Structures are given as structure tokens and as C-alpha cells.
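Notes follow once the structure below has been shown.
For clarity, every value in this text was computed on a predicted model and none was experimentally measured. Computed over heavy atoms, backbone and side chain alike; hydrogens, waters and symmetry mates excluded.
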Number of protein chains: 2
Amino acid sequence: MKELKQRSTCSISTSLDVLGDKWTLLIVRDIVFAGKSTYGQFLQSAEKMATNILADRLALLEAQGILTKAVAADKKSKFTYRLTEKGVDIVPILVEFILWGAKHGPTIVDPGLLAELQTGKEAAVAKYQQLAREKALT
Amino acid sequence: MKELKQRSTCSISTSLDVLGDKWTLLIVRDIVFAGKSTYGQFLQSAEKMATNILADRLALLEAQGILTKAVAADKKSKFTYRLTEKGVDIVPILVEFILWGAKHGPTIVDPGLLAELQTGKEAAVAKYQQLAREKALT
DNA sequence: ATTTTTTACTTGCAATTTGCAAGCATTATA
DNA sequence: TATAATGCTTGCAAATTGCAAGTAAAAAAT
């Protein structure tokens, strides 16, 4: 796992030190918007993350206190990854990426989600944050 | 300049295809919050971006229609980089990175800016977007 | 007029990171 | 007891990054 180095004291820069790559936020996305929680589920996403990259990023996110790793309730050979409060606080960032991509990129967004975000962003953010918190308790 | 490839149709993923690295958003930050506009000014930031990386990212951002490059008003040997509307729409993303970093990271944020963002996020976003638009006209 | 400086890059190369394929270890199922 | 599921680890080539030096056009200084 690559070690984290802080490039400056700027909060945008330090956020990018942790989240600034092509894969990390996709894991958080999968937890928040796709209800995923296991290594195998993350691997099945459309972007086809490599197994070593996934393992590296999960370890990094855990080390940063963004998610927790626990043995699954049903199987001892399975692990469940959930968001901490620090992770739940990433939801607003994801929402802004959704809105920017939907407006300016060649993307397909669930129309229900998009409408929800465009008509009441704060309420939608709060809703998905609460859903993530509730899953973290199971 | 590395070519852009779209990994999926997810709007978060396509946004990360363009903005998901450690440097790109720092350039946008420097334009929006530090009033910078030239290659030399971007190089002077605290994070010390390498010259080849800066040149690559500026070309990529221009190719993506996020910023424009124009000969400076005072000198023919100088270029001025400004945000397009697509670039101005990145401001909300930057704001969420500021808030997340300020809350969870070891950072130093201008207290005035932080208070402004925490008390009236939407108004602050609109203000910095308008400032960027006005500079783009000069 | 000529040299020096400013400004914006480009180039070469070593080091790091990524991406792909295969292998391994533990637990669960047949 | 063998097979499958699950979560990784390893090896290696390819791509990207980071550092230092070099280049080219325009501006300023002499």
C-alpha cells in the first residue's frame, strides 16, 4: 500500500492526497449508491478495477478511517466494508461529481436520482448519508 | 498528452476520467480561489507541480473545454488561462473538497472562506463562480 | 544593436504506479 | 473428501510521474 504524503496544508490538496485518483471514489460510490459491501461486489463494477488496485485502495481507505472492515455476518470467509462518518461525509462530493458529469459528460444517470438531486440536493444528500449510516449498523 | 478514455457511462466515473488525479483540480483551484491565470503562476503553488505535468494538464483541460488559452493583453509571450462555463461548474466540487478536508484533514483554511462556506454554501459558490466568469471576460 | 531576462514549454531518464494474468490461502459447500 | 467461493498476493510489462536540464520566442536592459 502506497504511503500517504501531504503536499501542502490546503484542504483541497489534502483531500486530493487521499481521494484524488481514478478508483477510490468509485468504491465509495458503490457503497453509497449501489449498496455494495464486499470485495467481490466491488470487482463486478462496470469499470473493471484490477484486483491489486482494489485491495490497495480498500486498505488505504481503511487506514484513513473512511471505511471499516468486518467479518460478514453469514460467512467467516467474507468481509463487509462500511463507511465511517468520515466516509459518509464524502457523499456531497459524489453528488457534485454526478451533477457535473450529468451536465457536461456523455453519461447515463438514473433519471429518478438526477431529478432528486436537481430538485432538492440537500435532502437527497441527507437521505443517502442516512442510508449509508443505517447499513453500517447491520 | 494522455488520451481520455471513458471507463463506463456512470457520471461519477466519467467525471473522474477527466478530473480524477492529484493535479487537475489544483489548477482549477488556483484560478478560482487564487486568481491565477498563467503557467508561471500555477508553477508557484505550494504543491510544486512538475513543469511537464502542468503543461500536460493544461492541454487536457483545454481539450476538454474546461479552460481557454489566450495571448495575454500585456505581453505576446504570455498566455492567460480562464475557465469556461464547464470549468465554472467545477466550483461546487472544489467547495465540497474544501469542506471535507477542513473537517477531516490536517489543513489550514482561510477562516473567512470557511465561515462563508459553512453559513451559506450556495451563495458562496455563486459568488466565486461569478468572479471566475468576470475574469474570463478581461 | 546586443546581451540578458522572462515566459512557456519540451526532452531525457530513473523511479513509481498501473494493469493484466496467474497463483495462493482460508472457509464453505457438495 | 473434493470442489467451489471468497479475498487477496505476486510477478512482470507498460504507462505515468517526477526531476533536471535544455530550448525557443518575446521583452527588457545595456
Checklist entry - When you measure from the centre of the six-membered ring of A:Tyr81, is the NZ or CZ of A:Lys69 under 6.0 Å away and within 45° of the axis? => result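 Negative - A:Lys69 is either too far from the ring of A:Tyr81 or too far off its axis.
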Can you tell me how far [atom2] of [N] sits from [atom1] of [X], to the nearest Å?
X: B:Phe79; N: D:dA24; atom1: CZ; atom2: C1'; answer: 12 Å
X: B:Asn52; N: D:dT23; atom1: CG; atom2: P; answer: 17 Å
X: B:Leu26; N: D:dG18; atom1: CG; atom2: P; answer: 11 Å
X: A:Glu47; N: C:dG19; atom1: CD; atom2: C1'; answer: 15 Å
X: B:Met1; N: C:dT11; atom1: CE; atom2: P; answer: 14 Å
X: B:Ile53; N: D:dC19; atom1: CD1; atom2: P; answer: 10 Å
X: B:Asp74; N: C:dT6; atom1: CG; atom2: C1'; answer: 12 Å
X: A:Tyr39; N: C:dA25; atom1: OH; atom2: P; answer: 16 Å

Checklist entry - Taking for each residue the nucleotide of DNA chain C with the nearest heavy atom, is it A:Ser77 or A:Ala50 whose nucleotide lies nearer the 5' end? => result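 Between the two, 5'-proximity favours A:Ala50.
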Next on the checklist: Reading DNA chain C from 5' onward, which residue's closest nucleotide shows up sooner: A:Lys75 or A:Thr51?
Outcome noted: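 The residue mapped nearer the 5' terminus is A:Thr51.
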Next on the checklist: Counting C-beta onward and ignoring hydrogens, is there a side-chain heavy-atom pair between B:Gln118 and B:Leu99 closer than 4.5 Å?
Outcome noted: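 A side-chain contact exists here, since the closest heavy-atom pair is under 4.5 Å.
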If the cut-off is 4.0 Å, is [X] near the phosphate of [N], judged by side-chain N/O to OP1 or OP2?
X: A:Tyr81; N: D:dC8; value: yes
X: A:Lys69; N: D:dC8; value: yes
X: B:Arg57; N: D:dG18; value: no

Checklist entry - Can you say whether the rings of B:Tyr128 and B:Phe33 are parallel (under 30°), tilted (30 to 60°) or perpendicular (over 60°)? => result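 Judged by the thresholds at 30° and 60°, the geometry between B:Tyr128 and B:Phe33 is tilted.
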Checklist entry - Considering only C:dC9, D:dA26, D:dC8, which nucleotide approaches the side chain of B:Lys76 most closely? => result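 For B:Lys76, the side-chain atoms sit closest to D:dA26.
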Checklist entry - Starting at the 5' end of DNA chain D, which residue's closest nucleotide do you reach first, A:Lys78 or B:Trp23? => result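 Result of the comparison: A:Lys78.
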Item to check | Salt-bridge criterion met for A:Lys121 and A:Glu116 (N-O under 4.0 Å) | outcome: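 So A:Lys121 does not pair with A:Glu116 through a salt bridge.
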Checklist entry - With a 4.0 Å cut-off, would you call B:Lys5 and B:Asp17 a salt bridge? => result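 Salt bridge between B:Lys5 and B:Asp17, a charged N being under 4.0 Å from a carboxylate O: no.
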Next on the checklist: For D:dT6, does the base pair up with any side-chain atom of A:Thr38 as donor and acceptor (N or O, under 3.5 Å, distance only)?
Outcome noted: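 Under the 3.5 Å cut-off, the side chain and the base do not form any donor-acceptor pair.
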